[in-house]
Amino acid sequence: MPADSPSSDVDVPTAVDVQLDHASVMTTDLDAAVSFYVDLIGLSLRTVEDDPVRDGRRRALLTDDHGQDVVELIEMEEMKHPSVPGRGGIHHLGFSLPSREWHSLRSRLDAADHAYEEVKGRLFVRDADGLVLEIEEG
């Protein structure tokens, strides 16, 4: 007997137009993290403020060149403790830059003597807390 085939009467969910609003990154040193993302990556600092969700914490909101929030940095000093296994739940953040800006970023990283690896048109660089950023030339 042949296996059941999918019925054409079954409603198949369609993809939803979901766009990344921002990525939250936990950091042990808010000032160093802001400096990395602003001075080297090229994001803009919108604000540093008391975190509205986590009492007693500060956060920074970073924007792209259109003013869209893309990264939220959350101060988590207790992550410095040796019993904390890792620095947050994000594996990496992916960015794409036009060729000119990508080369400019690579020059800034070189000038700052900030380590990175270049693989197939992508820069892999770690932020102030060791989070990997993948920056594609596009």
Just distance, no hydrogens or angles: give the donor-acceptor pairs under 3.5 Å from side chains in residues 130-138, sequence neighbours left out.
{"residue": "Glu134", "atom": "OE1", "partner": "His92", "partner atom": "NE2", "Å": "3.2"}
{"residue": "Glu134", "atom": "OE2", "partner": "Arg122", "partner atom": "NE", "Å": "2.7"}
{"residue": "Glu137", "atom": "OE2", "partner": "Ser99", "partner atom": "OG", "Å": "2.6"}
{"residue": "Glu137", "atom": "OE2", "partner": "His103", "partner atom": "NE2", "Å": "3.2"}

Seminar exercise, completed: So CZ of Phe95 and CG of Leu105: to nearest 0.5 Å the spacing works out to 10.0 Å
Exercise. Which atom names give the shortest non-hydrogen contact between Thr27 and Ala33, and what distance separates them?
Worked result: OG1-CB, 3.5 Å
Problem set entry | Pairing residues for Asp39 by the side chain to side chain donor-acceptor pair (under 3.5 Å) criterion, not counting sequence neighbours | Ser35
side-chain contact (heavy atoms from CB on, under 4.5 Å) involving [X] - partner list, sequence neighbours excluded:
{"X": "Asp51", "result": "Val53, Arg54, Arg57, Arg59, Ile74"}
{"X": "Thr63", "result": "Ser44, Arg46, Asp69"}
{"X": "Ala60", "result": "Leu30, Val34, Leu45, Val48, Leu73"}
{"X": "Ser107", "result": "none"}

Problem set entry | All pairs passing ring pair (Phe, Tyr, Trp, His ring centres under 6.0 Å) where residues 39-68 contributes a residue, at least two apart | none
Exercise. For residues 118-138, which residue pairs qualify under ring pair (Phe, Tyr, Trp, His ring centres under 6.0 Å), counting only residues two or more places apart or in two chains?
Worked result: none
For this session: Only counting residues at least two apart or in another chain, list the ones meeting ring pair (Phe, Tyr, Trp, His ring centres under 6.0 Å) with Tyr37.
Result: none
Exercise. Can you name the salt bridge (charged side-chain N to carboxylate O under 4.0 Å, His left out) partners of Asp31, sequence neighbours left out?
Worked result: Arg58
For this session: Hey, could you give me each pair passing salt bridge (Lys or Arg N to Asp or Glu O under 4.0 Å) that has a residue in residues 92-118? Not counting sequence neighbours.
Result: Arg106-Glu118
Exercise. Considering the options Leu43, Ile41, Asp129, which one meets the side-chain contact (heavy atoms from CB on, under 4.5 Å) requirement together with Phe36?
Worked result: Ile41
